[in-house]
S.K.: 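Okay, here's the structure, questions in a sec.
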Amino acid sequence: MSTAAAIVLFVGIVAYALFGGADFGAGFWDLVAGGTKGGARPRALIDHAIAPVWEANHVWLIFCFVVLWTCFPEAYASITLTLFVPLTLAAFGIVLRGAGFAFRKAVLRTSSRRNFGAAFAVSSVVVPYCFGAVVGGIASGRVPAGGEAGDPVSSWVNPTSILGGVLAVVVASYLAANYLVWDARRMSDHDMAAYFRRRALGAAVVAGVVAIAGIFVLRADARYVFDGLTSRALPLVIASIGAGAVALLFLWRGAPRGTRVLAAGAVASMVLAWGVAQWDYMLPESLTVSQAAAPSGTIGAVLVAVGIAAVLIGPGFVLLYTLDQRGALPEEGVDAGT
Amino acid sequence: VFDAALLAVDPVPWARAQMAFTLACHIILVPLGVSWAAMTLIANYRGLRRGDRDALELAQRWSKYMAVTFAVGAVSGTVLTFEFGLLWPRFMGRWGDAFGIPFAFEGIFFFMEAIFISIYIFGWRRLRPWAHFWSGVPIVLAGILGSASVVAANAWMNSPSGFTLNQAGEIVKVDPLAVIFNDSMPLQAAHMILAAYVVGGFLVASVYAVGMLRGRRDRYHRVGFIIAFTVAAIAMPIQMGVGDSLARWVYNNQPIKFAAIELVPTTSSDVPETILGRLNDDGTVSGGIPIPGLASWLSDPSTGTATVIKGLDSFPTGERPTIRQVNIVHLAWDAMVGLGTLLLLLSIWYGASWLFRRDMPKSKLFLRIAAASGVLAVITMEAGWVVTEVGRQPWIVYKHMKVEHAATGNTGVWITFLVVAALYVGVGTTTILVLRGMSRRFRAGREEEAVPYGPRDAVKAPEPAER
């Protein structure tokens with residue numbers, strides 16, 4: 001039963017990485033798009049791409065928190081006590097990002113657009129870094145069991161956390177660039193498609209380099225997860241590398257189909273590989289999933305809620321995405337019919 | 001000398017302050033999220049059924065404002081999710097497996113709301129009119145069920161149930177239904193959902209009342225005012241009834257809180273209803289206007305003034321609110337009941353005018369009070385929330401865990417509180433400015449605006465990113 005809850009938790013984490021990650025990544029490209037004039041076109045495309053569904057994506061984060069604190073309360077207490085700083089920074093970043101994005105569309109003056117845009121873009125980088133650092137702190141066994149606080153600094157300023165943070169930013173940017181190529185093609189904007197294709201290629205190469213460097217970092221700093229990645233989770237690691245390599249090839253040759261799905265597949269299998277690698281620990285080498293689990297009544301209730309969600313929300317989510325992908329949703333929204 | 005000890009401050013009061021501050025802000029956005037969709041759909045329905053162009057235009061604009069308030073509300077809700085862990089890790093660690101359950105269900109409704117708000121807002125020109133109308137209905141249902149779920153969690157803190165503890169005080173067995181449908185949940189949830197409709201209705205109506213006072217007495221403003229105000233005016237009397245039942249529930253189940261509400265230092269019968277006034281450190285009550293016997297009579301009309309109300313001194317000092325907290329609870333209670341009564345009278349005035357004159361009241365005085373009703377309703381709701389939360393002190397889980405044992409040990413909370421406060425003031429101010437800017441632009445561009453459900457080419461080209 002606790003295994004089922006852990007799987008549900010990981011489905012949430014993967015979904016947040018894919019959907020939220022793409023949103024954060026789009027913010028990264030917004031940040032590096034250049035000056036007001038030069039960056040206008042990529043920024044317009046980014047706005048267009050995120051607008052219809054952007055509020056929906058933090059729902060995955062809330063989902064992960066709820067499953068964590070309900071099904072694994074002891075682990076949740078340990079994590080929030082130990083990793084207080086990066087989690088607080090992430091929360092601040094989310095406020096700034098959401099407000100910045102919404103208000104950038106709703107205000108008219110260039111200078112205020114620039115300020116809100118900057119808040120949106122900078123926090124789009126800070127938040128995924130913090131989440132990556134949190135994952136690094138957990139994976140390297142720096143969060144103690146028993147609802148106790150670990151070291152407030154070294155738990156998130158350490159080799160594995162830095163690796164996690166950098167990887168999260170790079171991977172989010174890679175995902176977003178892939179999605180944006182697709183969006184640009186759909187709008188028959190060939191300049192922008194080429195613009196983001198170049199960036200997707202660049203991000204893919206950087207992600208590859210960081211991942212290779214990561215092997216050595218994990219071997220030295222997070223041995224349990226490293227051992228897991230090279231044994232239990234090896235098929236997933238290979239799948240991730242394979243999907244990433246094929247996506248790179250497709251991108252290189254400018255193949256219109258499949259890159260987006262392959263890129264998402266590469267990221268999803270990477271996140272899953274982390275989960276399988278630290279199995280069956282919730283907090284590596286101090287708290288296992290079954291030790292951390294809440295009573296069966298609680299987990300049953302959460303699973304029922306997830307089942308209802310799949311039945312009720314699944315169709316709605318599919319409808320929203322279909323409408324969005326068909327271009328049936330014009331960019332109105334908070335744009336307030338200017 | 002700037003050393004670490006200087007930065008290390010007792011986190012409990014700061015954690016409390018931060019939670020109170022962020023919740024107090026969030027609770028203002030909640031009514032809009034819960035009830036605005038219903039008002040929008042009423043306008044939408046009217047627009048479609050009767051070909052009322054003003055109503056349709058209102059529905060379209062309201063849905064765009066909704067997008068802004070929902071987005072800000074979603075972000076502030078995300079912050080609260082973080083705070084449960086960051087500020088109250090010991091509470092979540094020990095009680096998460098029970099307290100967390102309602103949130104799993106709230107998650108469903110929040111998801112649903114986010115998805116259908118997106119579909120509804122972006123579907124204005126892309127879906128067939130009635131299909132579009134129906135895409136808004138799930139938002140209304142999700143708002144109601146979502147707030148019922150969140151309030152279930154809060155109610156559980158007031159009347160914890162549905163769990164079995166072992167010798168060490170750890171939860172070993174959980175009955176999810178008993179957690180969600182705890183004793184306090186039905187009335188508390190009803191009270192909050194109605195509050196959402198009361199506050200949302202008065203808030204929206206007050207904007208149009210201001211417009212009318214400034215001379216914009218066209219049909220558009222009238223329809224906007226009438227839809228919103230009618231929703232609030234219908235919810236108001238029901239709310240008074242539910243509030244009365246809830247107070248009696250508190251009398252029967254949370255005598256400590258009730259003693260604070262009614263300012264009762266020692267157990268007695270024939271307790272007066274003291275309006276204002278304060279409890280002194282020596283346990284006496286001074287000031288205020290006592291109405292003889294009324295508190296006793298209201299607590300149980302069947303026994304009248306003979307009804308005995310337990311006093312604060314029947315509980316050990318460590319298990320009841322402090323003198324200062326008692327005074328806060330009592331004052332908040334007076335504010336809630338007083339302003340609630342005022343809003344009820346305003347609703348009756350409005351209802352009577354429709355009944356006898358077949359029209360809304362036209363007088364300046366009515367419009368002036370109506371223009372203030374939004375802010376007054378927000379204050380009323382905040383006061384009610386203060387009564388529930390401060391009245392529960394010192395418990396975070398009633399009779400099971402005290403707030404001071406629930407907080408984080410992290411001594412830097414005062415810094416996060418200051419940052420959060422600054423962020424929220426900034427975001428709040430900007431939200432208001434943005435909403436006003438939107439309204440100004442709506443007014444300026446009223447004639448040229450595309451017809452709702454118009455043909456596709458009526459959509460204007462996307463804005464360039466700069467101007």
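No hydrogens, no waters, no symmetry mates; every other heavy atom, side chains included, goes into these values.
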S.K.: Just one of B/Ile101, B/Asp175, B/Val179 clears the side-chain contact (heavy atoms from CB on, under 4.5 Å) bar with A/Thr298, so which one?
M.R.: B/Ile101

S.K.: Which atoms form the tightest heavy-atom contact between A/Ala305 and B/Ile108, and what is the distance?
M.R.: O-CD1, 3.3 Å

S.K.: With a 4.5 angstrom heavy-atom cut-off, which part of A/Leu312 approaches chain B: side chain, backbone, both or neither?
M.R.: side chain

S.K.: For A/Phe92 and B/Thr416, what are the C-alpha separation, side-chain angles and deciding distance, and is it a side-chain contact (heavy atoms from CB on, under 4.5 Å)?
M.R.: CA-CA 9 Å; A/Phe92 290 161; B/Thr416 68; 4.2 Å; yes

S.K.: Checking B/Phe109 against chain A: side chain, backbone, both or neither under 4.5 Å from a heavy atom?
M.R.: neither

S.K.: Count the heavy-atom pairs under 4.5 Å between each of A/Ala77, A/Pro295, A/Gly300 and chain B, then report the option with the highest count.
M.R.: A/Pro295

S.K.: Any idea which heavy atoms bring A/Gly297 and B/Pro176 closest together, and the distance?
M.R.: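 For A/Gly297 and B/Pro176, the tightest heavy-atom pair comes out as O-CG, 3.2 Å.
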
S.K.: For chain A, which candidate among B/Phe103, B/Trp95, B/Phe163, B/Trp88 shows the most heavy-atom pairs at distances under 4.5 Å?
M.R.: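 Among B/Phe103, B/Trp95, B/Phe163, B/Trp88, the one with the most close pairs to chain A is B/Phe103.
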
S.K.: Using non-hydrogen atoms and a 4.5 Å limit, figure out which bit of B/Val172 sits close to chain A: side chain, backbone, both or neither.
M.R.: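 For B/Val172, the backbone is the part near chain A, not the side chain.
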
S.K.: Measure up the B/Phe82 and A/Phe131 rings against each other and bin them: parallel (under 30°), tilted (30 to 60°), perpendicular (over 60°).
M.R.: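 The rings of B/Phe82 and A/Phe131 lie parallel, inter-plane angle below 30°.
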
S.K.: For each of A/Leu68, A/Val306, A/Thr80, A/Ile308, tally heavy-atom pairs with chain B at distances under 4.5 Å, and name the one with the top tally.
M.R.: A/Thr80

S.K.: Chain B heavy atoms under 4.5 Å from A/Leu81: which part of the residue, side chain, backbone, both or neither?
M.R.: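 Both parts, heavy atoms under 4.5 Å.
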
S.K.: Relative to chain B, which segment of A/Tyr76 carries a heavy atom at a distance below 4.5 Å: side chain, backbone, both, or neither?
M.R.: side chain

S.K.: Give, for atom CG of B/Leu87 and atom OG1 of A/Thr88, the distance between the pair rounded to the nearest 0.5 Å.
M.R.: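 Output value for this atom pair is 8.0 Å.
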
S.K.: If you define the side chain from C-beta out and look only at heavy atoms, does anything of A/Ile94 sit under 4.5 Å from B/Val79?
M.R.: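 With C-beta onward as the side chain, the pair stays apart.
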
S.K.: Just give me the residue among B/Thr408, B/Ile171, B/Leu423 that pairs up with chain A most often, heavy atom to heavy atom, under 4.5 Å.
M.R.: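 Most pairs with chain A among the choices: B/Leu423.
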
S.K.: Determine the option with the most heavy-atom pairs under 4.5 angstrom with chain A, choosing from B/Thr78, B/Leu86, B/Thr81, B/Thr431.
M.R.: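 Among the listed options, the one with the most contacts to chain A is B/Leu86.
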
S.K.: Can you tell me how far the CZ atom of A/Phe63 sits from the CZ atom of B/Phe110, to the nearest 0.5 Å?
M.R.: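 So the gap between those two atoms works out to 14.0 Å.
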
